[in-house]
Amino acid sequence: MNYGPLVFLAAFFALASSWCGFVLTPQLQIGRLQQTNTVGSAAATYPVARPGLARQGLEVYRANGCAYCHSQQVGQTGTLLDIALTDAGTNETTTIAALLKLADASANHPGVLTALPPWGGSRSNASTTALLGELPRAFLRSSTREAANAAVKTLNSTSAKAQLWIVPVGPDLARGWGRRRTVAEDFLFDSPVMPGSQRVGPDLTNVGMRQPDANWHLLHLYAPQAQVKGSTMPPYRFLFEKRRIRFQPSPEALMLPPELAPPAGYEIVPKPAAKALAAYLVNLRADAPLYTAPLTVPAAPAASTPTNAATATASAK
Amino acid sequence: MSVISSPSQPSAAGPADTAPALVAPAAIDLSCRLPLVVLFLSAAVWLLVASAFGLVASIKFHAPGFLADSAWLTYGRVRPAGVNSMLYGFCLQAGLGVALWMLARLGRTTLAAPWLVIVGALCWNLGVAAGVLGILRGGSTGFENLEMPGYAVSLVFLACLMMVFWGVLTFHQRRERQLYVSQWFLFAALFWFPWIYSTANLLLQGFHVRGVAQAVIAWWYSDNLLVVWLGLVGLATVLYFVPKLTSRDLHSRYLALLAFWMLILFGSWSGIPANAPVPAWMPALSVVATVLGVIPVIAVALNVHWTLEGKCSKLLGHPSLRFIGFGLVAFIVAGLASAATALPAVNQITQFTWFIPARGLLNSYGFFAMVIFGAIYYIVPQLIGQEFPFPKLVRAHFWTAAAGVLLFVVPLAIRGIAQGLRLQHADVAFADIAKGTLPFLRASTTGDLLMALGHLMFLANLCGLVFQFYRARAVSAWAEATAELKTAEARS
């Protein structure tokens, strides 16, 4: 009996199904992804294409295989709600009383409502009064929407103004690697997309947020152990050039510690590839609030305008 | 209906005068000899190249400054160069060689167009060499397992089409019309690779799809190559050699076909990591498919167990079977591990840790490469008609390879889980976690070293046998030629 065509059809349909599932459909769904708008008061288009030098840096990142040790995707395990005051109101005494009452209630229902440090640590009239000077600030954190809404209602019944802030949480975010999870939109303008599969070194999704200084990155690429003690990263000295100082030192020359400094009369300058890579790293930042991954970005303390009202009301519903 | 339940059992179907004459094994081996020797020898050389790159990459963990001042030898280039040498240089090349031989033997027909297979093999090696050099000079595409730049890919694809075409033709021309289960696996594997390779490279390097769809395609490709293709060829080899070398019938043909179906169905859907930044339906589907992927693993395990009637010690009797038995155990462990770590809660811990490379090596080396070693140790003496010059090295190769795999996989898997658990606690500094993995990486470097030692023995045995054979032929040819001259001299 001849089963040849049957084997062919079996394998053909199995592979064709997975081809339709994981090649064709993603192409139709995320291959056509467009820029989206950030949420919050300062709505902007997201993402924006990287500047030219940073785009060249992506090529350096690709060519040298940085992605084998550094992932560019952070996860979140959940979302919590912060109860924040934006305005202490005319009668601070009742506001403080309401806050302290909520804090006491939180002690009775641990987990649902938590008082946030530093206020949570020293819950007293004096410390609360001091903190009321630095609004907006989150005072309580809630894991359920009901408890959060009730707390906001209690505070709003005084003369104060309270809001809900959306706070994504998870181990990656607690490390300071990001403010929200990575979503498909974050990679829209990158080619190749290198989400990485290992964390031999830290995640780089938001390294531009943690280290916005390109010179720090240049020094780190030249001598990782000098910048981060105990780092296991290999140095990338081939991205730099040691050259004789001709007339006067180059403004780009690295300011190295004495044990790494070149002999007198020489200087270490980054090659174009190093400058591009540093520009790319500084440009790595994916923390804009999106509808697919919402978060509230609080305005700087003591800002006069109410912030993120749209997000807060959207989430309270 | 009669079915073939053992690869060595002659067909009982049909009167002899209507069936085409079956080709004798010796004639089949003769037709396969040169193409397979070329494929296996170059695969063995790539194996050594891969070990060298792997060792350099591994040493960099203990001395970050080691060979760091050369752009060509930086970690992020040496590591993909090693992985590509291993995958395309050894796994695919040797796997294709074994597949062609099994297709010819099971179909009881000679290999179609052996010379064109040789041309294909040479073209393949040229392509892989160009690709590895391309990666070293910074031309990597940035997609894992697909790093080779476009010019190398076109050569490799052309070569693969050449070899696959003659493989399909050999299957088509088979004299034995009854199919043994291994042929299903092999025939599917033959056209699986060109399909996934062309799709992935066209979309990633030709048409440049946008955004994270690139990552999805790269994951899909890696999964189809490492789980499905390696699984198809590796299991075909296991199901061929275990009954053959123990002189038993395969316990159940239907159980083997179930494994085949489940492998191609679920294996091809299981590539997307559970916490990937893509629309949630993709990882969800992949998690389900990965967990269901234990079905083929269990089916093959039970089938082999019942074929041996529970006497698994039989696998230790033959040097080739020892390799294949080890490979089968590794296949089962790796299959169970990937099903267990597919669940989102577990994946949250194992993702981005050393557990992932440990499991990957257990599949591609512990399972596939070991099974292929076993097959090559059986096939090459058949092709050449002589035994290996250093039979002790075959034993030694098994023990060094087995110890190497264990030394690589076990410490990294254990440390990977610990690393993942510590990553869940933001108050443990990242630098401490990274430093904590170093002693375990040292053990894995030792594993790398042992595997490299094994590869040297493998190459020595293969080269020794081939050299011995062709030298003997050259000597006899010389003697023949000079004998004619002598008679001519005597006459004049």
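Computed over heavy atoms, backbone and side chain alike; hydrogens, waters and symmetry mates excluded. All values reported here derive from a predicted model rather than from experimental measurement. All chains are named by letter (A, B, ...) in the order of the sequence lines, taking the proteins before the strands, and each is independently numbered beginning at 1.
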(message) Please check if the number of heavy atoms outside A:Lys271 that lie under 6.0 Å from its NZ is greater than 12.
(response) yes
(request) Would you mind checking which part of A:Glu59 comes under 4.5 Å of any heavy atom in chain B, side chain (CB onward), backbone (N, CA, C, O), both or neither? (result) neither
(message) Taking salt bridge (Lys or Arg N to Asp or Glu O under 4.0 Å) as the definition, give me every residue that meets it alongside A:Asp172, ordered by chain and number, with sequence neighbours left out.
(response) A:Arg199
(request) Would you check if the distance from the ring center of B:Phe440 to the ring center of B:Trp354 is below 6.0 Å? (result) no
(request) Tell me, for A:Ala223 versus chain B, whether the close heavy atoms (under 4.5 Å) come from the side chain, the backbone, both or neither. (result) neither
(message) So if I take each residue of residues 193-201 of chain B and look for any heavy atom under 4.5 Å from a heavy atom in chain A, which residues do I end up with?
(response) B:Trp195, B:Ile196, B:Thr199
(message) Any carboxylate oxygen within less than 4.0 angstrom of a Lys/Arg side-chain nitrogen, looking at A:Asp82 and A:Arg141?
(response) yes
(request) Side chain from CB out, backbone as N, CA, C, O: work out which of these in A:Arg181 comes under 4.5 Å of a heavy atom of chain B, or both, or neither. (result) neither
(request) Verify, without hydrogens or angle tests, whether A:Ser17 (side chain) and A:Ala14 (backbone) share a donor-acceptor contact under 3.5 angstrom. (result) yes
(message) What part of A:Val183 gets within 4.5 angstrom of chain B, counting heavy atoms only: side chain, backbone, both, or neither?
(response) backbone
(request) Scan side-chain atoms only and decide if B:Ser270 and B:Asp223 contain a donor-acceptor pair under the 3.5 Å cut-off. (result) yes
(request) Examine whether an atom of B:Arg77 lies under 4.5 Å from a heavy atom of chain A, and if so say whether it belongs to the side chain, the backbone or both; otherwise answer neither. (result) both
(request) Would you check if the side chain of B:Arg174 reaches a backbone N or O of B:Phe171 as a donor-acceptor pair within less than 3.5 Å? (result) yes
(message) Just to be sure I understand the criterion: a residue of residues 67-74 of chain A counts if one of its heavy atoms is under 4.5 Å from a heavy atom of chain B. Which ones qualify?
(response) A:Tyr68, A:Cys69, A:Ser71, A:Gln73
(request) Would you mind checking which part of B:Phe260 comes under 4.5 Å of any heavy atom in chain A, side chain (CB onward), backbone (N, CA, C, O), both or neither? (result) side chain
(message) Is B:Trp192 in contact with chain A via its backbone, its side chain, both, or neither, using a 4.5 Å heavy-atom distance?
(response) both
(request) Measure distances from B:Phe430 to the heavy atoms of chain A and classify the residue's part below 4.5 Å as side chain, backbone, both or neither. (result) both
(message) Tell me whether B:Thr353 contacts the main-chain N or O of B:Thr350 through its side chain, where contact means a donor paired with an acceptor under 3.5 Å.
(response) yes
(request) Counting only heavy atoms closer than 4.5 Å, note whether A:Thr77 contacts chain B via side chain, backbone, both or neither. (result) side chain
(request) Measure distances from A:Asn64 to the heavy atoms of chain B and classify the residue's part below 4.5 Å as side chain, backbone, both or neither. (result) both
(message) Given heavy-atom pairs under 4.5 angstrom as the criterion, report whether the side chain, backbone, both or neither of B:Trp220 touches chain A.
(response) side chain
(message) Check whether A:Arg179 reaches the backbone of A:Ala286 with its side chain - one donor and one acceptor, N or O, closer than 3.5 Å.
(response) no
(message) Counting the benzene-type ring for Trp, do B:Tyr221 and B:Phe143 have ring centres under 6.0 Å apart?
(response) no
(request) Under 4.5 Å, counting heavy-atom pairs only, tell me which of A:Phe238, A:Phe13, A:Tyr236 racks up the most with chain B. (result) A:Phe238
(request) To the nearest 0.5 Å, tell me how far B:Leu226 CG sits from B:Arg359 CZ. (result) 10.0 Å
(request) Report the option among A:Gly170, A:Gly201, A:Ser231, A:Gly176 that has the most heavy-atom pairs separated by less than 4.5 Å from atoms of chain B. (result) A:Gly201
(request) Let me know if B:Ala429 has heavy atoms under 4.5 Å from chain A in its side chain, its backbone, both or neither. (result) backbone
(request) Check whether B:Leu257 gets within reach of chain A through its side chain, its backbone, both or neither, counting any heavy atom under 4.5 Å. (result) neither
(request) Please flag which part of B:Pro357 lies under 4.5 Å from any non-hydrogen atom of chain A: side chain, backbone, both or neither. (result) side chain
(message) A cation-pi test, strictly: NZ or CZ of A:Arg237 under 6.0 Å from the centre of the six-membered ring of A:Tyr222 and no more than 45 degrees from its axis. Yes or no?
(response) yes
(request) State whether the side chain of A:Arg175 and the backbone N or O of B:Val428 hold a donor-acceptor pair below 3.5 Å, judged by distance alone. (result) yes
(message) Donor-acceptor check, side chain of A:Gln56 to backbone of A:Ala54, threshold 3.5 angstrom: yes or no?
(response) no
(message) Less than 4.5 Å to any heavy atom of chain A: does that hold for the side chain of B:Asn275, its backbone, both, or neither?
(response) backbone
(message) Just so I understand: if I count every heavy-atom pair under 4.5 Å between each of A:Gln29, A:Lys229, A:Arg32 and chain B, which residue has the most?
(response) A:Gln29
(message) Quiz question: by atom type and distance under 3.5 Å, do the side chains of A:Asn283 and A:Arg50 form a donor-acceptor pair?
(response) yes
(message) Quick check on B:Thr141 against chain A: is it the side chain, the backbone, both or neither that has a heavy atom closer than 4.5 Å?
(response) backbone
(message) Under 4.5 Å from any heavy atom of chain A, what part of B:Gln214 do you find: side chain, backbone, both or neither?
(response) side chain
(request) Sort out for me which residue in A:Thr182, A:Leu295, A:Leu173 forms a side-chain contact (heavy atoms from CB on, under 4.5 Å) with A:Gln76. (result) A:Leu173
(request) Between chain A and each of B:Glu144, B:Arg137, B:His208, count heavy-atom pairs under 4.5 Å; write down the option with the most. (result) B:Glu144
(request) Pick one of side chain, backbone, both or neither for B:His62, based on which atoms fall under 4.5 Å of a heavy atom in chain A. (result) neither
(message) Quick check on the interface: out of A:Ala63, A:Gly31, A:Ala11, A:Ser18, who has the most heavy-atom pairs with chain B under 4.5 Å?
(response) A:Ser18
(request) Please answer whether the main-chain N or O of B:Ala434 pairs with a side-chain N or O of B:Thr437 as donor and acceptor at a distance below 3.5 Å. (result) yes
(message) Donor-acceptor check, side chain of A:Arg243 to backbone of A:Tyr266, threshold 3.5 angstrom: yes or no?
(response) no
(message) Quick check on A:Trp177 against chain B: is it the side chain, the backbone, both or neither that has a heavy atom closer than 4.5 Å?
(response) side chain
(message) So which residue, A:Gly75, A:Pro224, A:Pro202, A:Pro195, ends up with the most heavy-atom pairs under 4.5 Å with chain B?
(response) A:Pro202
(request) Check each atom of A:Glu185 against the heavy atoms of chain B and say whether the ones under 4.5 Å are side chain, backbone, both or neither. (result) neither
(message) Checking A:Tyr61 against A:Leu277 for the side chain to side chain contact (heavy atoms under 4.5 Å, CB included) test, could you report, in this order, the C-alpha distance in whole Å, the side-chain angles of both residues, the deciding distance, and whether it holds?
(response) CA-CA 7 Å; A:Tyr61 191 90; A:Leu277 183 56; 4.1 Å; yes
(message) Closer than 3.5 angstrom, by distance alone: can the side chain of A:Gln225 be matched with the main-chain N or O of A:Pro234 as a donor-acceptor pair?
(response) no
(request) Please state whether the side chain, the backbone, both or neither of A:Phe8 comes within less than 4.5 Å of a heavy atom of chain B. (result) both
(request) May I ask you to decide if A:Gln211's main-chain N or O and A:His217's side chain share a donor-acceptor pair within less than 3.5 Å? (result) yes
(message) The criterion is salt bridge (Lys or Arg N to Asp or Glu O under 4.0 Å); which residues satisfy it with A:Arg180, sequence neighbours excluded?
(response) A:Asp186
(request) Tell me, for B:Leu203 versus chain A, whether the close heavy atoms (under 4.5 Å) come from the side chain, the backbone, both or neither. (result) side chain
(message) At a 4.5 Å cut-off on heavy atoms, which part of B:Ser268 comes close to chain A: side chain, backbone, both, or neither?
(response) both
(request) Please check if the distance between the ring centroids of A:Phe12 and B:Phe191 is under 6.0 Å. (result) no
